[in-house]
Amino acid sequence: MRLMTFVAALLFLVVPAARAEDGYDLWLRYKPVAESARVAYAARAAAIAPVAETPTLTVARAELERGLAGLVGQPASAAAGARDGVILLASGATPAITGLGLPLQTLGEEGYLIRTVTVGGKATTVIAANRDIGVLYGVFRYLSLIQTGQSVDKLDITSVPKVKLRMLNHWDNLDRHVERGYSGQSIFDWWRLPGHVDPRMVDYARANASIGINGTVLNNVNAKADSLTAPFIAKAAALADTFRPYGIKVYLTARFSSPMEIGGLKTADPLDPAVRAFWKAKADEIYKAIPDFGGFLVKANSEGQPGPQDYGRTHVDGANMLADAVAPHGGVVFWRAFVYSHEQPEDRAKQGYNEFKPFDGQFRDNVVIQVKNGAIDFQPREPFHPLFGAMPKTNLGMEFQITKEYLGFSTHLVYLGPLFEEVLRSDTMARGKGSTVAKVIDGALDGRKLTAMAGVANIGSDRNWSGSQFDQANWYVFGRLAWDPEAGTQAIAQDWTRMTFSADPRLVTPVVSMMMGSREAAVDYMTPLGLHHQMGRDHHYGPGPWVAGGPRADWTSVYYAKASQTGIGFDRTPSGSNATAQYAPAVGACYADLKCVDEKDLLWFHHVPWDYRLTSGDTLWDGLVKHYGRGVAYVDGMEKTWAGLAPYVDARRHREVSDYLKIQRAEAQWWRDASIAWFQTFAKRPLPAGEKPPEQSLEYYQSLKFPWAPGNGK
C-alpha cells in the first residue's frame with residue numbers, strides 16, 4: 001500500500017495536469033523564462049547525471065526535470081558524460097564527488113551546496129548534501145535562481161538551516177472544519193484516508209519542501225482524543241508515507257485527558273503510573289505505524305483544555321511525562337506556553353511568563369516550550385514575548401500565526417514578513433545588546449541544540465491554497481524565516497513576487513513596495529499606537545472596541561483599551577501591572593519610560609491622557625485619528641497600484657486581487673469609523689482638521705452581527 005501510494009504520487013509530480021492561472025501552483029509555477037535568457041539557462045542544464053534511486057533523490061530528479069522543462073522548454077538529457085552543462089545531484093561522499101574537495105562537513109543533516117565545477121573537462125553544476133533531503137532543498141534553490149532571473153553560470157552557494165524543526169501547525173478538525181481557517185476545508189480528508197491519499201498531498205509536500213519546512217502537525221491544538229485511536233493513526237501513517245520523501249515528519253496534538261477518554265482510566269494525572277503507562281503504550285503504537293513520527297503538540301490548561309493543573313501538577317510534570325513516552329523513539333514534545341488561568345488576573349499578558357519562568361531548566365531535553373510571538377494572542381502588533389531571553393536553560397520555540405485571525409482574514413492584503421521580522425529582530429538584552437529573539441530561536445544565544453519555529457497554517461482546500469493570492473506570501477516568508485530567522489523579508493518578498501507573478505521589474509518593484517507597507521497600514525486602521533484586542537467577539541471579524549461583559553473580562557476589548565474621559569491605554573509600568581518587569585532591566589525600563597518607549601507600543605504599556613503630545617506634535621487624540629485615516633489611505637494606494645499592473649498579471653488573478661482590495665478598502669473604512677465613533681465618546685474632542693466624521697452612527701456599528709463569519713472554533 002505504501003509503495004503504491006508513493007509511486008502514484010511520483011507520477012503525479014512528473015506529469016502535472018494542465019491548469020489555468022488560479023494560484024494553485026504557488027511559487028512553483030515554472031513558467032518559461034524570457035527567450036533572451038532561455039538559451040543560456042538551457043546550456044547550463046543540458047543533462048542530469050544519474051542519481052541513486054532512493055525515494056528522495058528520485059523526487060529531487062523529477063522536480064529538477066519538471067522545473068527545467070517548464071522554465072527553459074526542454075527536458076534535460078540523461079547523457080551526462082557527453083557535454084557541458086551537466087547537473088550532478090549527490091548525497092554523501094559518493095564516488096562522483098569525492099575528488100572535488102566539497103566542504104560537506106559544514107552542511108549538517110539538511111544543508112546543501114550548489115557549486116559550478118569542472119569534471120572531466122566539462123562544466124558541471126553540483127548540487128550536493130550529506131543527506132538526500134539536502135539535495136532536494138538544493139534543487140528547489142537552483143530552480144528558484146532561474147525563476148527569479150539570476151545567473152547560474154558561476155555558482156558557489158552554501159545554505160544550512162539555522163533552526164532544526166521548522167513546523168506548520170494545522171488547526172484542522174477531524175470533520176475538516178478549520179479553526180481560524182479562511183481558505184476552505186482542511187486539506188486532510190480524514191474520511192477517505194487511509195484508503196485514498198489525495199494527490200494534492202504531494203503538491204502540499206512539494207511546496208513545504210521548497211521552503212524548507214520539515215514538520216507538520218495534522219490536527220487542531222484544541223484536540224480530540226479520537227486522533228490518537230488506531231483508525232486515525234493509520235490515516236496519519238498514510239500521510240506520513242506521502243510526505244516522507246520530502247523530508248516532512250508528521251506530528252499529532254495530544255489531548256491531555258486521552259487516558260480517560262480512550263484509555264478507560266479514571267484519571268489523567270501525569271504522576272499516576274497507569275497514566276504514564278498509557279502514554280508509553282500509545283507512543284509505541286504510533287511509532288510502530290509511523291517510525292519517523294515527530295512527536296506531540298500539547299495545549300494544556302488554557303481556554304478550557306485539560307492539563308496537569310487539573311490534578312495539582314505543573315507544566316513540567318505534564319510535559320516531561322509525554323517526553324519520556326516518546327524519548328526512546330527520538331520524539332519531541334511541543335508544550336504551548338499560551339496559557340491563562342481560570343482566575344482573572346490583573347494583566348493576562350503576564351501569565352505565560354509567570355507560569356513558565358519558574359521552571360527554567362526543569363523540562364526534559366526533548367521538550368520545546370512553544371511561545372507565541374507576543375504575550376496576548378497574535379495581535380496586529382505586540383511587543384515580543386517576555387519569555388524570550390528569560391529561559392536560557394529551556395528549549396524555546398517560536399509560534400507565529402500565518403493565518404490572519406486578527407489581520408483581515410484572507411481578504412486583506414497584509415504581508416506578514418515585516419511582523420515576523422520585527423519580532424525576530426527585537427533585542428531581549430538578556431545577554432547584553434544584540435541578544436535578539438532570532439538568536440534565542442536559532443539557539444545561538446544560549447547554546448540550545450533543539451530549536452524550533454512553528455506557524456499556524458493558513459492552508460485550506462481553496463484552489464489557491466490560502467484563500468487569496470497574496471496570503472501565499474505569508475506561508476512562503478514563514479518557511480524562509482524558519483530556515484534563517486535573520487533573513488530580510490523585503491528580499492523574500494521580491495523572490496516570491498518574481499516566482500508567483502513575474503520577474504518583470506515593472507511589476508516586482510511596485511508589488512514589493514505595496515507588500516512591505518501593508519502590515520503597518522493594517523495596524524493603523526485596526527489598532528494604532530499600541531492598542532490591541534479591539535476586534536469583534538468570538539469570530540474576531542471587524543472592529544469591536546465596545547465589547548464588554550461575558551465570562552471573562554480579559555476576553556473583552558474594554559479590558560485592554562481602558563478608555564475613559566481622562567485617557568486610554570493599558571498601564572503595564574511599575575505604577576500599573578508592572579509587566580515591564582518581566583523583561584530584561586534595560587528593555588523593561590525603556591518600555592516603562594514615556595521618553596524612551598517607541599510610540600508604536602505606547603498604549604500597550606501606558607495609559608496616557610487624550611492631550612498627550614506625540615513626537616509629531618499632535619495630541620494623542622488627533623494622532624490616533626490620523627493613524628486610522630493613514631491606514632485607509634494606504635489601501636487606496638494599493639488599489640490604485642494594483643489597477644495599474646493589469647498588463648503584467650493574468651486576468652483571473654488580477655481580478656481576484658482587485659476584488660479583495662475593494663473588500664479591504666471598505667473594511668478598513670469600517671474599522672476607522674467604528675473605532676473613532678467609540679473612542680470619541682470618551683475623548684469628547686473634535687476630529688482634527690481635514691478628517692471626515694464616521695459614515696454611520698456608533699449605534700449602527702454596534703448593531704452589526706456576524707453569526708456565520710468563517711473560522712470560528714467548534
Side-chain angles (χ1 to χ4, degrees), residues 162-163 166-167 169 336-338 349 352-353 356 368-391 396-407 414-430 433-446 448 451-456 458 473-493 515-520 522-523 526-527 530-533 572 579-580 582-584 587-588 590-591 597-602 604-605:
K162 293 182 178 180
V163 177
R166 306 173 300 278
M167 314 274 295
N169 288 182
R336 297 179 83 231
F338 179 62
Y353 181 99
F356 282 89
V368 175
I369 303 303
Q370 185 167 297
V371 184
K372 289 188 178 184
N373 59 275
I376 295 296
D377 188 16
F378 299 134
Q379 295 301 292
R381 168 168 281 128
E382 297 190 38
F384 72 90
H385 201 297
L387 279 174
F388 293 121
M391 298 184 69
L396 293 187
M398 172 65 73
E399 180 177 328
F400 282 127
Q401 190 175 52
I402 307 170
T403 189
K404 302 202 313 295
E405 177 181 356
Y406 300 105
L407 279 157
V414 180
Y415 174 52
L416 298 181
L419 186 161
F420 300 160
E421 187 172 14
E422 179 178 283
V423 174
L424 291 167
R425 295 192 178 184
S426 295
D427 198 338
T428 72
M429 298 290 286
K433 192 173 182 179
S435 304
T436 62
V437 173
K439 291 180 180 177
V440 175
I441 299 308
D442 69 17
L445 188 65
D446 301 308
R448 308 307 303 179
T451 57
M453 187 185 295
V456 181
N458 65 348
N474 296 327
W475 177 9
Y476 181 83
V477 72
F478 169 79
R480 291 281 300 271
L481 287 174
W483 185 277
D484 180 3
E486 295 182 322
T489 59
Q490 182 166 333
I492 293 172
M515 291 170 67
M516 291 305 294
S518 61
R519 181 269 185 141
E520 195 65 40
V523 171
M526 290 182 171
T527 53
L531 284 173
H532 48 288
H533 207 282
R572 293 189 167 100
T580 54
Q582 294 185 333
Y583 292 92
V587 176
C590 183
Y591 281 151
V597 67
D598 194 312
E599 283 184 352
K600 66 182 175 60
D601 298 320
L602 177 65
W604 183 282
F605 290 110

K.L.:
Looking only at heavy atoms, which two atoms of Tyr353 and Ala390 are closest? And how far apart?
P.N.:
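Closest heavy-atom pair between Tyr353 and Ala390: CE1-CB, 3.7 Å.
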
K.L.:
Kindly give the heavy-atom pair with the smallest separation between Val368 and Gly397, and that separation in Å.
P.N.:
CG1-N, 3.5 Å

K.L.:
What's the spacing between His533 NE2 and Glu382 CD if we round to 0.5 Å?
P.N.:
9.5 Å

K.L.:
Among Asn373, Val587, Val371, Asp427, find the residue that satisfies the side chain to side chain contact (heavy atoms under 4.5 Å, CB included) test when tested with Phe384.
P.N.:
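Single pass found, and it is Val587.
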
K.L.:
Holding to salt bridge (charged side-chain N to carboxylate O under 4.0 Å, His left out), I want the full list of residues that pass it with Lys162, two or more places apart in sequence or in another chain.
P.N.:
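Listed in chain order: Asp484, Glu486.
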
K.L.:
Applying ring-ring contact (aromatic ring centres under 6.0 Å, His included), can you list everything that pairs with Phe605, at least two apart in sequence or on another chain?
P.N.:
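ring-ring contact (aromatic ring centres under 6.0 Å, His included) list for Phe605, sorted by chain: Tyr591.
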
K.L.:
Just jot down the ring-ring contact (aromatic ring centres under 6.0 Å, His included) partners of Phe338, sequence neighbours excluded, or say none.
P.N.:
Tyr340

K.L.:
For a 4.5 angstrom cut-off between non-hydrogen side-chain atoms, does Ser426 reach Phe388?
P.N.:
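Answer no - side chains too far apart.
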
K.L.:
With sequence neighbours excluded, tell me which residues meet ring-ring contact (aromatic ring centres under 6.0 Å, His included) with His532.
P.N.:
Tyr560, Trp604

K.L.:
Parallel, tilted or perpendicular: which fits the ring planes of Phe478 and Phe420, with parallel below 30° and perpendicular above 60°?
P.N.:
perpendicular

K.L.:
Does some side-chain heavy atom of Val523 sit less than 4.5 Å from a side-chain heavy atom of Lys600?
P.N.:
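Side chain of Lys600 against side chain of Val523, heavy atoms only: no contact under 4.5 Å found.
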
K.L.:
Test side-chain contact (heavy atoms from CB on, under 4.5 Å) on Phe400 and Val423 and set out the steps.
P.N.:
CA-CA 10 Å; Phe400 282 127; Val423 174; 4.1 Å; yes

K.L.:
Quick one: CG on Leu481 to CG on Leu424, what's the gap to the nearest 0.5 Å?
P.N.:
6.0 Å

K.L.:
So, for Gln401 and Leu416, which heavy atoms are closest and what is the spacing to 0.1 Å?
P.N.:
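Scanning both residues completely, I find the closest heavy atoms to be O-CD1, 3.5 Å.
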
K.L.:
Which is it for Asp446 and Leu396 under the side-chain contact (heavy atoms from CB on, under 4.5 Å) test, yes or no, and what are the steps along the way?
P.N.:
CA-CA 10 Å; Asp446 301 308; Leu396 293 187; over 6 Å; no

K.L.:
Between atom CZ of Arg448 and atom CE of Met391, what is the distance when rounded to the nearest 0.5 Å?
P.N.:
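Going from the CZ atom of Arg448 to the CE atom of Met391 covers 9.5 Å.
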
K.L.:
Counting only N and O atoms by type, is there a donor-acceptor contact under 3.5 Å from the side chain of Arg480 to the main-chain atoms of Gly488?
P.N.:
no

K.L.:
Can you name the closest pair of heavy atoms from Ile441 and Ala452 and give their distance?
P.N.:
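Heavy atoms only, the tightest pair is CG2-O, 3.6 Å.
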
K.L.:
Looking at CD of Gln379 and CD of Glu405, how far apart are the two atoms once the value is rounded to the nearest 0.5 Å?
P.N.:
8.5 Å

K.L.:
Residues two or more places apart in sequence or in another chain: which of them pass side chain to side chain contact (heavy atoms under 4.5 Å, CB included) with Ala375?
P.N.:
Ala349, His385, Pro386

K.L.:
So which heavy atom on Thr489 is nearest to which on Met516, and how close?
P.N.:
OG1-CE, 3.9 Å

K.L.:
With a 4.0 Å cut-off, would you call Asp377 and Lys372 a salt bridge?
P.N.:
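Salt bridge: yes.
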
K.L.:
For the CZ atom of Arg336 and the CD atom of Glu399, what is their distance to the nearest 0.5 Å?
P.N.:
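Going from the CZ atom of Arg336 to the CD atom of Glu399 covers 4.0 Å.
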
K.L.:
What distance do Lys439 atom NZ and Thr428 atom OG1 have between them, rounded to the nearest 0.5 Å?
P.N.:
10.0 Å

K.L.:
Which residues pass the ring-ring contact (aromatic ring centres under 6.0 Å, His included) test with Phe378, sequence neighbours left out?
P.N.:
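Scan of Phe378 (ring-ring contact (aromatic ring centres under 6.0 Å, His included), adjacent residues dropped) gives none.
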
K.L.:
If every non-hydrogen atom of Met429 is compared with every non-hydrogen atom of Lys433, which pair is closest and at what distance?
P.N.:
SD-CA, 3.5 Å

K.L.:
Between Arg381 and Glu422, is there a side-chain heavy-atom distance shorter than 4.5 Å?
P.N.:
yes

